[in-house]
Amino acid sequence: MPITADQIRQVAQLARLELESGRIEKYAHELSSILELADRLSRIDTTQAQALAHPLDRVQALRPDAVTDPVGEAGRATFQSIAPAVRDGLYLVPKVIE
Amino acid sequence: MHTLSIRQLSEGLRARKFSARELTQHFLKRIEQHDKKLNSFITVTAERALTQADAADARLAKGEGGPLTAPLLGIPLAQKDIFCTRGVKTSCGSKMLDTFVAPYDATVVRRLHRDAGAVLLGKCNMDEFAMGSSSETSGYGPVKNPWDLTRVPGGSSGGSAACVAAGLAPAATATDTGGSVRQPAALTGLTGIKPTYGRVSRYGMVAFASSLDQAGVIARSAEDAAWVLQVMAGFDPLDSTSVDRPVDNWIGSLDRPIEGLKIGLPKEYFAEGLAAGPRRCIEAAVAELKKLGATVREISLPHSPLSVPTYYVVAPAEASSNLARYDGVRYGHRAADVQTLEELYKRSRGEGFGAEVQRRIMMGTYVLSHGYYDAYYLKAQKVRKLIYEDFRRAFETVDVVLGPTATDVAFKLGAKTDDPVAMYLNDIYTIAANLAGIPALSLPCGFVEGLPVGLQLMGNFFDEGRLLNVAHQYQRVTDWHARLPGAFT
Amino acid sequence: MSVPAGWEAVIGLEVHCQLLTQSKIFSGAATAYGAAPNTQADAVTLGLPGVLPVLNAAALEMAVKFGLAIDAQIAERCVFARKHYFYPDLPKGYQISQYEQPIVSKGHLDIEVGEKVQRIGITRAHMEEDAGKSLHENFSGQTGIDLNRAGTPLIEIVSEPDLRNAQEAVAYLKKLHQLVVYLAICDGNMQEGSFRCDANVSVRRAGESKFGTRTETKNVNSFRYVEKAIEYEIQRQIGVLESGGKIVQETRLFNPDTGETRAMRSKEEAMDYRYFPDPDLLPVVVTKADVERIRATLPELPEARKARFESQYGLPAYDAGVLTGERALADYYESVVKASGADPKLCANWVSTDLLGALNKLGRDMATSPVSAEALAGMLRRIADKTISGKIAKEVFEAMLAGEGGADEIIKAKGLVQITDEGAILRAIDEVMARSPDNVAAYRAGKDKLFGFFVGQVMKATQGKANPEAVNRLLKQKLTA
């Protein structure tokens, strides 16, 4: 099923991507051909198959409840040295309206 | 020095024939001389390398080193720029992370450099966020193939492959989500191994598709690969998907004879689509392995033609999720002069990600979105099970599965950049191992018109040792792996 | 306020309950409340490239405890899923939560509203990570993000739409609150956001079987606000429908200043969370043996304890209910009974009336009570052995609250030992009778009410220390003689 330019806009909105307007048609075309490839799967009988989320049949290991990564002011300074905008220890973003 | 094996380098260091500093300086000099042609490094960490080399020399002077205790002490290595290195830019080939100086070390980096004393030469160029098969999607320009500078080195670990092939580093780390270790190794005449999913920690390795990503090595021989992988591998409590099981002695099992080895040739891997030249090289290699005592039989992996469509649903889905964190808030690219939150997100991500990454994010978002999840994502996970079952059955009768790594030798730069599907079909032979989670290795088995051809060996879960052993035995009787591209001798 | 005739409200609550772990659900950063901004945001919490989650054993155990306490099914195998949306307090662009396979499902809680006991279904409870906080103070027109709270373990408890009015909703919420605090899996602090409630409300005409369109009112952070928000929402929806309008399915925000709710602007866009199993985490397996091991650590739950208080201590249902309302209070009461050896009913009166009254006045809770259980028991022993009277005890208790020491110390320092010597009491009675011959005559002439006057005078004369029982008895004898 080919993807329309409108669907591309919707998906881009969901993924928070600003697309150059000239690219939308191109993406629609490219995604359509990728989906055409993916559509081959629909012809396969998978009634007997369980979905495989992980190649290894293992279960989650647990970590003991202990503070092993105290951050503190020093840790925060390190992490925020690569942040685009901070003040008073907070990350800054344009005003959020609830 | 750049033609010696890691074992020889280690012996040389311990015998004080040369110091780690001299060895490091040699490779740094070669990088300076040659990398302009290749663009295989994004960052060269010369100063840090020399400091680490001096520290290694001090340890060597105390008698440390050697294959059993510290095989990589003083050995220079390059890291794919996907592994976080504390205090060093970790870009993952993306302008999104151009300003990202990692505040912590990946487990692989910690094991290799902090614990084992290997020297970090620099960070290798790659396809952006490892999405690509040619290293042309990098935000830092394409990598060139040392065998022909007009051709691609494969991808996504093209920088790792190119720098090792050109003798700018003895070995490099790489990662493999759908063939990103093996395909570039094949296209540059190197040996590359992707171990079993969960064998090497993913902690600190920038995620592309979490259920498929696995770290590996690209080196000039199976022996070199074994020396590096031996140190990288092992359980890591910081990675829930890493496997708590002892690592076999891969270095120690290289010399085992392979007589009686049962090789399966999947007929689907030798169908149309495989170019004639590479086919001949692979058939010759099979004959060589028979001479070493292996037996060969045809097998079938009936669902393998579905690998590519399965992969191009699962991998983008996971990628679209993994890449949601790049929002311009805590690190990475942030668009200038944004007025609203919405604008911050959309413009930072629109500007920071290249076209291929955007394509995959959209594809992944689409297949996970309401109304499509069952038809695509869930369906793909079920087909994935069928592909997995194919291998499980195959390994009931054979020890290794042998086939081509790529459909052909390295293609020209730009040849496939306008056709994503053609690019994706490049991965047709490599993807299944990631979907199934099994180990796989590519090794050089000949040349077609001066360009290397790769052979792929796939093994059962945790059977990396056998893959390395078979490759090493083959490399004892052949010299494809020992050749250097003419321009870089 | 109840639901107007002709209408029925349908209410379901979603409660987010922060688990009382030391560290975060998927990393080793601290979860303590009130730290300086982002000083508890480690690499995993920040969602740095390459980091991976590892599940906290204690968080899992607490979720199982909760499931057992509501008599629910504990999934042998449960799965974490990613829930995607973009918001600055959500560092990874997704929240690790549970979707199709939650740890707890199909439980229930019995609530009492007035005289009737009602069983409220709990659809599910799943584990997830909390988000950070957006601070909307003015940073030159920008919002500040503190990620300390991000990654704190939560269980989200989803009720069936079994509640029919605000009072039931509050009763359910209080019961749930009591339970998680009893289980010591949550501190229950609503002010600090440890226990938060979202209310799903819809209305329909009485007799209608189909549910109406519902709205979700977010983060109502006190019992009173929950009641007000639900009542407002019921009235609003009925108003809209009666004037021919339609209810829009939306997320609303409660404003405690006005008592009203309003649609949230940031949630206008239709959500598509794109849930899928988190590939960084493996299926979580809880074996039958694990469940039994955890069951053995469950404390006695409020209902069982209330029943035991009634049978073991002979307390009326009301008193038993008050005393078991909080685990710390029930523990306190039992310590007092045990240490004092006094009549359990007497102990109950002191704890539920005097102690709670005092704490309420002081604005303190059980944990910060100035009078410990041992100290109160010490005083009750003196009542039991008749060293002091109940009346004197009030004075002793006041002094204990003021920090003047233990009961014995205070009794001694203030000379409050009860007079039980009947000779001394008789002398006091004689004095009082001699001072008031008119009253004696009046009493004897039939003015019974004056008996209280005489008791008061005798107690006054003995500075309240006379044994009241002896005073009564001897006075009667004397006056009728």
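Numbers restart at 1 for each chain; the letters A, B, ... are given by sequence-line order, proteins then strands.
- Heavy atoms of B:Leu344 lying under 4.5 Å from chain A belong exclusively to its side chain.
- Neither the backbone nor the side chain of A:Leu62 comes within contact range of chain B; no heavy atoms are under 4.5 Å apart.
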Derivation and outcome, side chain to side chain contact (heavy atoms under 4.5 Å, CB included), residues B:Val383 and B:Leu435: CA-CA 10 Å; B:Val383 176; B:Leu435 291 170; over 6 Å; no

Show, in sequence, the C-alpha distance, side-chain angles and deciding distance for B:Ile361 and B:Met131, and conclude whether the side chain to side chain contact (heavy atoms under 4.5 Å, CB included) test is met. CA-CA 11 Å; B:Ile361 289 175; B:Met131 297 175 193; 5.7 Å; no

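- The structure places CG of A:Leu41 at 11.5 Å from CG of B:Leu378, a figure rounded to the nearest 0.5 Å.
- Remark: A:Val71 engages A:Phe79, C:Asp42 in a side chain to side chain contact (heavy atoms under 4.5 Å, CB included) (not counting sequence neighbours).
- Shortest non-hydrogen contact noted between B:Phe391 and B:Ala432 is CE1-CB, 3.6 Å.
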Begin from the C-alpha positions of A:Ile34 and B:Val421 and carry the test side chain to side chain contact (heavy atoms under 4.5 Å, CB included) through to its verdict. CA-CA 6 Å; A:Ile34 302 169; B:Val421 171; 4.2 Å; yes

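- Heavy atoms closer than 4.5 Å to chain A are found in the side chain of B:Val313, but not in its backbone.
- When each of B:Pro305, B:Ala324, B:Ala355, B:Pro316 is checked for heavy-atom pairs under 4.5 Å with chain A, B:Ala355 comes out on top.
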Can you list the donor-acceptor atom pairs spanning chain B and chain A that come in under 3.5 angstrom?
residue: B:Ser240; atom: OG; partner: A:Gln60; partner atom: NE2; Å: 2.9
residue: B:Arg334; atom: NH1; partner: A:Leu92; partner atom: O; Å: 3.3
residue: B:Arg334; atom: NH2; partner: A:Leu92; partner atom: O; Å: 2.8
residue: B:Glu342; atom: OE2; partner: A:Gln13; partner atom: NE2; Å: 2.7
residue: B:Lys346; atom: O; partner: A:Glu18; partner atom: N; Å: 3.0
residue: B:Lys346; atom: NZ; partner: A:Gln13; partner atom: OE1; Å: 2.5
residue: B:Arg349; atom: NE; partner: A:Ala15; partner atom: O; Å: 3.0
residue: B:Arg349; atom: NE; partner: A:Arg16; partner atom: O; Å: 3.2
residue: B:Arg349; atom: NH2; partner: A:Ala15; partner atom: O; Å: 3.1
residue: B:Ala355; atom: O; partner: A:Tyr27; partner atom: OH; Å: 3.4
residue: B:Gln358; atom: OE1; partner: A:Tyr27; partner atom: OH; Å: 3.0
residue: B:Arg359; atom: NH1; partner: A:Glu30; partner atom: OE1; Å: 2.6
residue: B:Arg359; atom: NH1; partner: A:Glu30; partner atom: OE2; Å: 3.1
residue: B:Tyr376; atom: OH; partner: A:Asp39; partner atom: OD1; Å: 2.8
residue: B:Lys379; atom: NZ; partner: A:Ile44; partner atom: O; Å: 2.6
residue: B:Lys379; atom: NZ; partner: A:Thr46; partner atom: OG1; Å: 2.9
residue: B:Gln381; atom: O; partner: A:Leu52; partner atom: N; Å: 2.8
residue: B:Gln381; atom: NE2; partner: A:Leu52; partner atom: O; Å: 3.4

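- A:Ile82 is listed as a side-chain neighbour of B:Pro103, based on a closest heavy-atom distance under 4.5 Å.
- Heavy atoms of B:Pro420 lying under 4.5 Å from chain A belong exclusively to its side chain.
- Between chain A and the residues B:Ile387, B:Leu212, B:Val243, the largest count of heavy-atom pairs under 4.5 Å involves B:Val243.
- In terms of heavy-atom pairs under 4.5 Å with chain B, the best-connected choice from A:Leu31, A:Leu19, A:Ile44, A:Ile8 is A:Ile44.
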Check the pair B:Phe208 / B:Cys92 against side chain to side chain contact (heavy atoms under 4.5 Å, CB included), numbers first and verdict last. CA-CA 10 Å; B:Phe208 162 14; B:Cys92 213; over 6 Å; no

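- Residue pairs satisfying the salt bridge (Lys or Arg N to Asp or Glu O under 4.0 Å) criterion with at least one member in residues 301-314 of chain B, sequence neighbours excluded, are absent.
- With a 4.5 Å cut-off on side-chain heavy atoms, A:Leu35 and A:Ile3 count as touching.
- For A:Leu56, the part sitting under 4.5 Å from any heavy atom of chain B is the side chain, from C-beta outward, and nothing else.
- With respect to chain B, the highest number of heavy-atom pairs below 4.5 Å among A:Ala49, A:Ala85, A:Ala12, A:Ala83 belongs to A:Ala49.
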